[in-house]
Amino acid sequence: RKEVEQDPGPFNVPEGATVAFNCTYSNSASQSFFWYRQDCRKEPKLLMSVYSSGNEDGRFTAQLNRASQYISLLIRDSKLSDSATYLCAVNDYKLSFGAGTTVTVRA
Amino acid sequence: ETGVTQSPTHLIKTRGQQVTLRCSSQSGHNTVSWYQQALGQGPQFIFQYYREEENGRGNFPPRFSGLQFPNYSSELNVNALELDDSALYLCASSLTGDWGYTFGSGTRLTVV
């Protein structure tokens, strides 16, 4: 079983829509989690950390479900500029990444 | 505050050659880690350095080696290059490893 697994998508949504996707992790002792955004052929950029109580940053909401060992990312009111690959990462002294979820927002 | 910088940005090497990639960590960051990202995949952890000592290694063969210097900059060396080594190599730095890592823009290595 891979350490971190993501739904690869692609998610193709219209502007203004809500899109959500999950990421599962295998190590139940993992303590810190992140979502990164990666644009084509560029480096990953930290989107947000994921806290136990869930957290929100503008249109983005991250949730952590320890019992089921998954994290989620929800994007509300999608913009064209949200089109990217979203990588979840689990920090167990090093970052373990999923393969990424591709989101395309269309006009 | 300067971010993470990597050099070179692009590189073409021949199978069997050796390559050295360089990374300057973000100011104040003492932890540097290296990742390999093949096309369509997530970044894969190669190894990590904390205060000049390797403190973690992923599933990569010994021909992948590294160094961290007193100023926390780092090098990744790959010997006996193989075609499958073609990838984007990312360096990331962090203050303690507990918080988010900041990535450099990467070195795109092509082995022919």
Side-chain angles (χ1 to χ4, degrees), chain A residues 1-10 21-27 29-52 55 57 60 62 64 70-71 73 84-104, chain B residues 3-7 9-10 21 23-26 29-51 53-60 66 74 86-110:
Chain A
R1 181 183 174 187
K2 290 185 179 178
E3 292 179 66
V4 181
E5 295 198 67
Q6 290 185 247
D7 182 346
F21 39 88
N22 293 339
C23 164
T24 59
Y25 60 95
S26 61
N27 183 0
S30 297
Q31 292 296 316
S32 64
F33 309 87
F34 306 95
W35 282 105
Y36 280 81
R37 171 197 169 119
Q38 187 172 32
D39 294 295
C40 188
R41 302 178 75 81
K42 298 286 184 68
E43 76 274 22
K45 293 190 176 177
L46 182 64
L47 181 65
M48 57 199 302
S49 302
V50 185
Y51 303 120
S52 296
N55 48 300
D57 183 0
F60 296 84
L64 167 63
Y70 74 85
I71 62 173
L73 182 67
T85 295
Y86 292 85
L87 297 163
C88 71
V90 178
N91 189 9
D92 296 318
Y93 84 83
K94 45 96 174 173
L95 289 180
S96 296
F97 286 91
T101 297
T102 300
V103 173
T104 302
Chain B
V4 179
T5 57
Q6 291 187 243
S7 62
T9 55
H10 295 83
L21 310 182
C23 170
S24 294
S25 61
Q26 183 166 321
H29 285 186
N30 55 23
T31 301
V32 172
S33 51
W34 287 90
Y35 296 82
Q36 180 195 66
Q37 187 175 22
L39 203 59
Q41 301 295 318
Q44 298 297 308
F45 175 73
I46 303 175
F47 43 57
Q48 178 166 281
Y49 284 86
Y50 171 69
R51 294 187 175 182
E53 296 287 331
E54 184 181 295
N55 74 340
R57 188 178 181 92
N59 189 25
F60 280 81
S74 178
S86 296
L88 178 66
Y89 287 84
L90 295 160
C91 169
S93 74
S94 173
L95 180 55
T96 65
D98 290 337
W99 301 102
Y101 287 70
T102 301
F103 282 82
S105 55
T107 294
R108 192 162 299 279
L109 173 65
T110 302

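Below, read A as the first sequence line, B as the second, and so on, with proteins coming before strands; counting in each chain starts at 1. We use all heavy atoms of the structure for the numbers below, so side chains are in, but hydrogens, waters and symmetry mates are not.
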For Ser86(B), all residues meeting side-chain hydrogen bond (donor to acceptor under 3.5 Å, both in side chains), sequence neighbours excluded: none
Residues passing the ring-ring contact (aromatic ring centres under 6.0 Å, His included) test with Phe33(A), sequence neighbours excluded, are Tyr25(A)
Between Lys42(A) and chain B, which part of the residue has a heavy atom less than 4.5 Å away: side chain, backbone, both or neither? backbone
If only atom types and distance count, is the side chain of Tyr93(A) paired as donor or acceptor with the main-chain N or O of Gln48(B) below 3.5 Å? no
So for Ser105(B), is it side chain, backbone, both, or neither that comes closer than 4.5 Å to the heavy atoms of chain A? both
OH (Tyr101(B)) and CZ (Phe34(A)) are apart, to the nearest 0.5 Å, by 8.0 Å
One should read off an interatomic distance between Leu46(A) CG and Ser94(B) OG, to the nearest 0.5 angstrom, of 10.0 Å
Pro44(A) versus Leu90(B): any side-chain heavy-atom pair under 4.5 Å? yes
So, for Phe45(B) and Leu95(A), which heavy atoms are closest and what is the spacing to 0.1 Å? CB-O, 4.0 Å
Measuring from atom OG1 of Thr102(B) to atom CD of Glu43(A), what distance do you get when rounded to the nearest 0.5 angstrom? 10.0 Å
Search all heavy atoms of Leu87(A) against all heavy atoms of Gly42(B) and return the closest pair with its distance. CD2-CA, 4.2 Å
Heavy-atom side-chain contact between Gln37(B) and Gln38(A) under 4.5 Å: yes
Checking heavy atoms, do the side chain of Phe47(B), its backbone, both or neither come under 4.5 Å from chain A? neither
Nearest 0.5 Å please: distance from the CG atom of Leu88(B) over to the CZ atom of Arg41(A). 8.5 Å
Among Gly56(B), Gly40(B), Gly58(B), Pro43(B), residue most engaged with chain A (heavy-atom pairs, under 4.5 Å): Pro43(B)
